[in-house]
Amino acid sequence: MLDAKLFRSELAETAERLKTTRGFELDVSRLETLEQQRKDLQVHTETLQAERNSRSKSIGQAKAKGEDIAPLLAAVDDLGAQLDSAKAELATVQDALQQIIAGVPNLPDASVPLGPNEDHNQEVSRWGEPRRFDFAPSDHVDVASAINDGMNFELGSKLAGARFVVLQGQIARLHRALTQFMLDLHTTEHGYQETYVPYLVNHDTLFGTGQLPKFGEDLFHVQGATENQVALSLIPTAEVPLTNLWRDEIADEDQLPLQYAAHTPCFRSEAGSHGRDTRGLIRQHQFDKVELVWLVKPEDSMDALEKLTGHAEKVLQLLELPYRKVLLCTGDMGFGAARTYDLEVWLPTQEKYREISSCSNMLDFQARRMQARFRRKGANKPELMHTLNGSGLAVGRTLVALLENNQQEDGSVTVPVALQPYMGGVTRIAAE
RNA sequence: GGAGAGAUGGCAGAGUUCGGUUUAAUGCACCUGACUUGAAAUCAGGCGUGGGUUCGCGCCCACCGGGGGUUCGAAUCCCUCUCUCUCCGCCA
C-alpha cells in the first residue's frame, strides 16, 4: 500500500507515475471527490463526537452533585441520531477510499527500466555455459518417466485433477534432496533462520502481503478449516506467512535485519493461465519452494536485495545449472514490488531461460499494510520496515532443470557434487 | 468433545464487583537533564498507537483481542467470534 499522503498532496504526480511505469490508471477525479467528502465528513463526525463527549461529561458531573439531569438529557436528544448517520456516511466513504488505495500497485524504484512488458526486461548477467548435446535431449517428463515411472501425471490427475503430479522412487528422492540442500545452504551459509509455518492462513495475513483484496482468485480458499466460520486460504508462497510474522509488531532497531528461510508447498489456482505450460512440472497447482525473506531498515533494503539474489544464485551455481539474471522492467513486476530480479535457468528442450526465482524489494509497501515497524534508538516514533522476498529456489522447476541439463544418452541423470551427500552418495540415477 | 479462567500500551500489571474528575494507576525498559574523571547507583522530568486539523504552538477524534449491541456516557454491562491458559476425554 502506498502512503495515503501521496493521494492527497501529490495526487497528479502519483497518478502520472503509476501510468507511465505500470500502465495503471488511477481514477483521479473519483479519488479527489472521495477525499473531499472524507475530509468534510470526518471533521463533521469528530465535531459531533467532541460535542457528545463534553455533554456526557457534564451529565456525569451534574449527577454526582445530585442535580436534576433531565434538561441536560433533553438537550442531547437528537445528537446520537446525527452522530450515527454521520459515522455511517464517513464509513462508506472511507471504505471506498480504502478499496481504491489497497488496489494500487507499488511504485517502481527509479532505477528500474521503463517498459510495458517482459520484452523490456534487462539481462544483467549470465552464469554457466548451456551444454551442447550430441544427442536429442528429452524433456524432463520423458527423462523422469523413464526412470522407473518417476514422474506420473496420470496418477496426479486421478488423485486430484489437472496440474497435479505424483513423484516416485529416485525422482521423489531427488526432489527431497534438492529441498534439503537448499534449506541447509541458506541456514548454515547465508544466515537465515529456519522456520516452519502454517500452510493455511487467514485473510488479514493475505492482505498484509498484498494477495488480498485484489488477487483472491489466484488462491485456493478453504471452507470450515476450523470449527468456526473463519475463512482460510492455502498459501501461494511462504512469503505470506514469513513476512506476516511481524504484522502489527514493533521490532527493536538492533533486531534488524531479520532473515527467514522456509520450505513449504505452495498452492496456486493458476486462474487465467489455461493452456500455458500444460505439459510437465513447470506450472502446477501445488509445488514446493524454499523461500527467503528479509525484514530490514529502509536504508539497507537495496543492499539486501543484492545479497538475497546472490543467495538464490548460489544454489544454481552449486547445482551447476546455467542461468541468467534479469532486472524486471516496470511493467513486468509484481503488484507489491519496487525492484525485482528474476533468475532464469536454462532449459535445453525449450532452448530458452525459464524463471526459477524471483527476488523483490517491496520497500515499505507490505510493511504499511501490515504495520510491521521498528524503533530506532532514541526515536519516539516507530518506523515502517522494508520487506524483501525471493525464491531460493522453486524446487519443482529446479528438478526440471536438473533432469533436462544432466540427462545422459543412456537415460540416466548425473547428480551434481553438491547434491550427492543428500542422495546417499549416489553420483547418477538411472532406471533399475 | 466436556468444564473452567483469561485477553489492558514495547514488556509486566492494576482498574471490570456497583458504567461517569481514569487525560488507563504502578513497575520495567527507553529518552533528556542533574550528580560523577567516566560509569553504575540515585534524583528530577519525559515517554502508547493510529488518524484529523493548523504556517506553527496546539487542539480534536478513535483505540483496553475482533465485530455488534444497550446507554446521554462503556476498559467496565449484553451478544458473538477469535486466541491463550488449566483440568478431563480423544488422538498422529
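Predicted, not measured: the structure shown is a model, and the values here were computed from it. By convention in this document, chain letters (A, B, ...) are assigned in the order of the sequence lines, proteins followed by strands, and residues within each chain are numbered from 1.
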Q) Rounded to the Å, how far apart are A/Leu83 CG and B/C72 P? A) 13 Å
Q: Without swapping roles, check the side chain of A/Thr330 against the backbone of A/Gly115 for a donor-acceptor pair under 3.5 Å.
A: yes
Q: Check the surroundings of atom CZ in A/Arg276: do more than 12 heavy atoms from other residues, nucleotides or ligands lie under 6.0 Å from it?
A: no
Q) What is the distance from CG of A/Leu384 to P of B/U49, rounded to the nearest Å? A) 13 Å
Q: Verify the distance criterion only: is there a donor paired with an acceptor across the side chains of A/Thr205 and A/Asn202 at less than 3.5 Å?
A: yes
Q) Are more than 12 heavy atoms from other residues, nucleotides or ligands located less than 6.0 Å from atom CZ of A/Arg17? A) no
Q. Atom CZ of A/Arg369 and atom P of B/G50: how far apart are they, to the nearest Å?
A. 19 Å
**Q.** C1' gap between B/A74 and B/A34, integer Å
**A.** 44 Å
**Q.** Heavy-atom neighbours of A/Arg428 CZ exceed 12 at 6.0 Å
**A.** yes
**Q.** Euclidean distance for P, B/U21 against B/C11 (whole angstrom)
**A.** 27 Å
Q.
Just to be sure I understand: a Watson-Crick pair is purine N1 to pyrimidine N3 plus N6-O4 or O6-N4, both under 3.5 Å. Using that and G-U wobbles, which stems of three or more pairs involve RNA chain B?
A. B:1-7 with B:82-88, B:10-12 with B:26-28, B:30-34 with B:42-46, B:48-53 with B:58-63, B:65-69 with B:77-81
Q) Starting at the 5' end of RNA chain B and moving along, which residue's nearest nucleotide shows up first, A/Leu73 or A/Lys39? A) A/Lys39
**Q.** Between B/U53 (C1') and A/Glu35 (CD): distance, integer Å
**A.** 13 Å
Q: Could you tell me the separation between the CG atom of A/Leu48 and the P atom of B/C72, rounded to a whole number of Å?
A: 16 Å
**Q.** A/Arg176 (side chain) donor-acceptor with A/Tyr422 (main chain) under 3.5 angstrom
**A.** no
Q. Does A/Asn148 use its side chain to pair, donor to acceptor, with the backbone of A/Glu432 at less than 3.5 Å?
A. yes
**Q.** Interatomic distance at C1', B/U23 relative to B/U84, whole Å
**A.** 31 Å
Q) Reading nucleotides 59-69 of chain B 5' to 3', which nucleotides get B (base under 4.0 Å from a protein heavy atom), which S (sugar-phosphate only), which -? A) -BSS-------
Q: Check the pair A/Gln99 / A/Asp95 against side-chain hydrogen bond (donor to acceptor under 3.5 Å, both in side chains), numbers first and verdict last.
A: CA-CA 6 Å; A/Gln99 196 156 344; A/Asp95 284 351; over 6 Å; no
Q) Taking OP1 and OP2 of B/C47, is either one under 4.0 Å from a side-chain nitrogen or oxygen of A/Arg375? A) no
Q. Do A/Gln42 and A/Glu46 meet the criterion of a side-chain donor-acceptor pair at a distance under 3.5 Å?
A. yes
Q: Write down the distance separating the C1' atoms in B/G9 and B/A29, rounded off to the nearest Å.
A: 13 Å
Q: Could you check how far CG of A/Asp248 sits from C1' of B/G10, rounded to whole Å?
A: 14 Å
Q.
Is it the case that over 12 heavy atoms from other parts of the model lie below 6.0 angstrom from the NZ atom of A/Lys314?
A. no
Q. Of all the nucleotides listed (B/G20, B/G50, B/G51), which has the minimum atom distance to the side chain of A/Gln42?
A. B/G51
Q) Are A/Met362 and A/Thr243 close enough that some pair of their side-chain heavy atoms sits under 4.5 Å apart? A) no
Q: For A/Arg368, report the nucleic acid contact type (base, sugar-phosphate, nothing); a contact means any heavy atom under 4.0 Å.
A: nothing
Q: Rounded off to whole Å, could you give me the CZ-to-P distance for the A/Arg373 and B/G48 pair?
A: 14 Å
Q | Integer angstrom distance from the C1' of B/U86 to that of B/C64 | A | 24 Å
Q: Determine the interatomic distance between C1' on B/G13 and the same-named atom on B/A25; round to the nearest Å.
A: 10 Å
Q) When rounded to the nearest Å, what value does the distance between P atoms of B/G19 and B/C77 take? A) 9 Å
Q | Whole angstrom value for the distance that separates C1' of B/G50 from CD of A/Gln94 | A | 12 Å
Q.
For A/Lys63 and A/Ile250, find the nucleotide of RNA chain B closest to each by heavy atoms; which residue's nucleotide sits nearer the 5' end?
A. A/Ile250
Q: Go through B/G50, B/G20, B/U53 for me and flag the one nearest to the A/Ile59 side chain.
A: B/G20
**Q.** Inter-nucleotide P distance (B/C90, B/G27), Å rounded
**A.** 50 Å
